[in-house]
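One structure is given below, represented as structure tokens, and several questions about it will come after.
In listed order, ligands and their atoms are each counted from 1.
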Amino acid sequence: MKRILFVCLGNICRSPLAEGIATAHIAQKQYPFEADSAGTSNWHEGEAPCSDSIEVAKRHDIDISLQRARPVHPDDQHRFDYIIALDRQNLSDLEAKGFQNVHLLGDYGDFNGEDVPDPYYFPNFEGFEKVYAMIERSVEDFLEKAAHERI
Ligand code: 4NP
């Protein structure tokens, strides 16, 4: 069983979507993987995902409403086989905390290293649909590559 951790800033908008999309794809393909998510901050610890993320996931038949935000923990480096940052700031914040071998989600799905934009700062539903589409494509590309031992 390989464990994958998706990390954004608050763990309430983007990484809960990545966790939910990955969990659904893993179940559909029956891959021996497990997905989780966390934030580089503890600002929203214990909170459910933001309502727009819950809504956009629901439109795609994915329920993320039971997820609860948590900050990354130093042990995550050892507990997870893959750690994936949603943007470059998250990646450098993880490196500053001592995490190594962190992947950037934008390096998958032909996004050329693009950051997944933070929808917290442009809270309109169209923005969340774009973020959803980007996360879906990059997460599925990552999972396909990981499943075929290409990462
Ligand atoms: P996330 O979005 O990193 O995708 O969960 C954010 C959530 C909260 C804040 C920033 C980004 N905040 O500043 O509280």
*atom 5 (O) of ligand 1: which of Cys50, Cys13, Pro16, Pro117 has the nearest heavy atom?*
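Ranked by closest heavy atom to atom 5 (O) of ligand 1, first place is Cys13.
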*Compute the shortest N/O to N/O distance between Pro119 and ligand 1 and return yes if it is under 3.5 Å, no if not.*
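N/O-N/O distance under 3.5 Å: no.
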_Is the contact between Asp118 and ligand 1 made by the side chain, the backbone, both, or neither, using heavy atoms and a 4.0 Å cut-off?_
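Contact part for Asp118 vs ligand 1: side chain (C-beta onward).
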*Using a strict cut-off of less than 4.0 Å between a Lys/Arg side-chain nitrogen and an Asp/Glu carboxylate oxygen, indicate whether Lys58 and Asp63 qualify as a salt bridge.*
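Result for this pair is no, no salt bridge flagged.
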*What protein heavy atom sits nearest atom 12 (N) of ligand 1, and how far away is it?*
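Result for atom 12 (N) of ligand 1: Tyr120 CE2, 3.2 Å.
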*So does Arg137 pair up with Asp141, basic N to acidic O under 4.0 Å?*
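No, no charged N to carboxylate O under 4.0 Å.
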*Parallel, tilted or perpendicular: rings of His103 and Tyr108 (30°, 60°)*: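 Tilted: the ring planes of Tyr108 and His103 meet at 30° to 60°.
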*Within residues 88-97 or reaching into it, pairs that qualify as salt bridge (Lys or Arg N to Asp or Glu O under 4.0 Å) - sequence neighbours excluded*: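 Checked against salt bridge (Lys or Arg N to Asp or Glu O under 4.0 Å) - neighbours excluded - the pairs reaching residues 88-97 are Arg88-Asp115.
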*Do Phe128 and Ser53 come within less than 4.5 Å of each other through their side chains, counting heavy atoms only?*
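In short, these two side chains touch, coming nearer than 4.5 Å.
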_Out of the candidates Val56, Leu66, Ile54, Asn11, only one should pair with Pro49 under the side-chain contact (heavy atoms from CB on, under 4.5 Å) rule; please name it._
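Of Val56, Leu66, Ile54, Asn11, side-chain contact (heavy atoms from CB on, under 4.5 Å) with Pro49 is met by Ile54 alone.
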*Considering the heavy atoms of Tyr121, write down every atom of ligand 1 situated less than 4.0 Å from one of them.*
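So the answer, numbered in order with elements, is 10 (C), 13 (O).
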*Can Asp36 and Arg79 be counted as an ion pair, charged N to O under 4.0 angstrom?*
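Looking at Asp36 and Arg79, the cut-off is not met.
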_Subset of ligand 1 atoms that lie under 4.0 Å from at least one heavy atom of Cys8_ =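 Every atom of ligand 1 under 4.0 Å from some heavy atom of Cys8: 1 (P), 3 (O), 4 (O), 5 (O).
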_For Leu9, the ligand 1 atoms whose distance to one of its heavy atoms is below 4.0 Å_ =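 Counting from 1, the qualifying ligand atoms are 3 (O), 10 (C), 11 (C).
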*Is a salt bridge present between Glu45 and Arg70, judged by a nitrogen-to-oxygen distance below 4.0 Å?*
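Between Arg70 and Glu45 there is no salt bridge, as every charged N stays at least 4.0 Å from the carboxylate O atoms.
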*asked:* Would Ser15 count as a polar contact of ligand 1, with the cut-off being nitrogen or oxygen pairs under 3.5 Å?
replied: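 Such a contact does not occur with ligand 1.
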*asked:* Give me the nearest non-hydrogen protein atom to atom 14 (O) of ligand 1 as residue plus atom name, then the distance to 0.1 Å.
replied: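 Sorting protein heavy atoms by distance from atom 14 (O) of ligand 1 puts His44 NE2, 2.7 Å first.
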*Tell me which protein heavy atom sits closest to atom 4 (O) of ligand 1, plus the residue, atom name and distance to 0.1 Å.*
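Nearest protein contact, heavy atoms only, for atom 4 (O) of ligand 1 is Arg14 NE, 2.7 Å.
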*Less than 3.5 Å between some nitrogen or oxygen of Trp43 and one of ligand 1, yes or no?*
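Checking ligand 1 against Trp43, no N or O pair falls under 3.5 Å apart.
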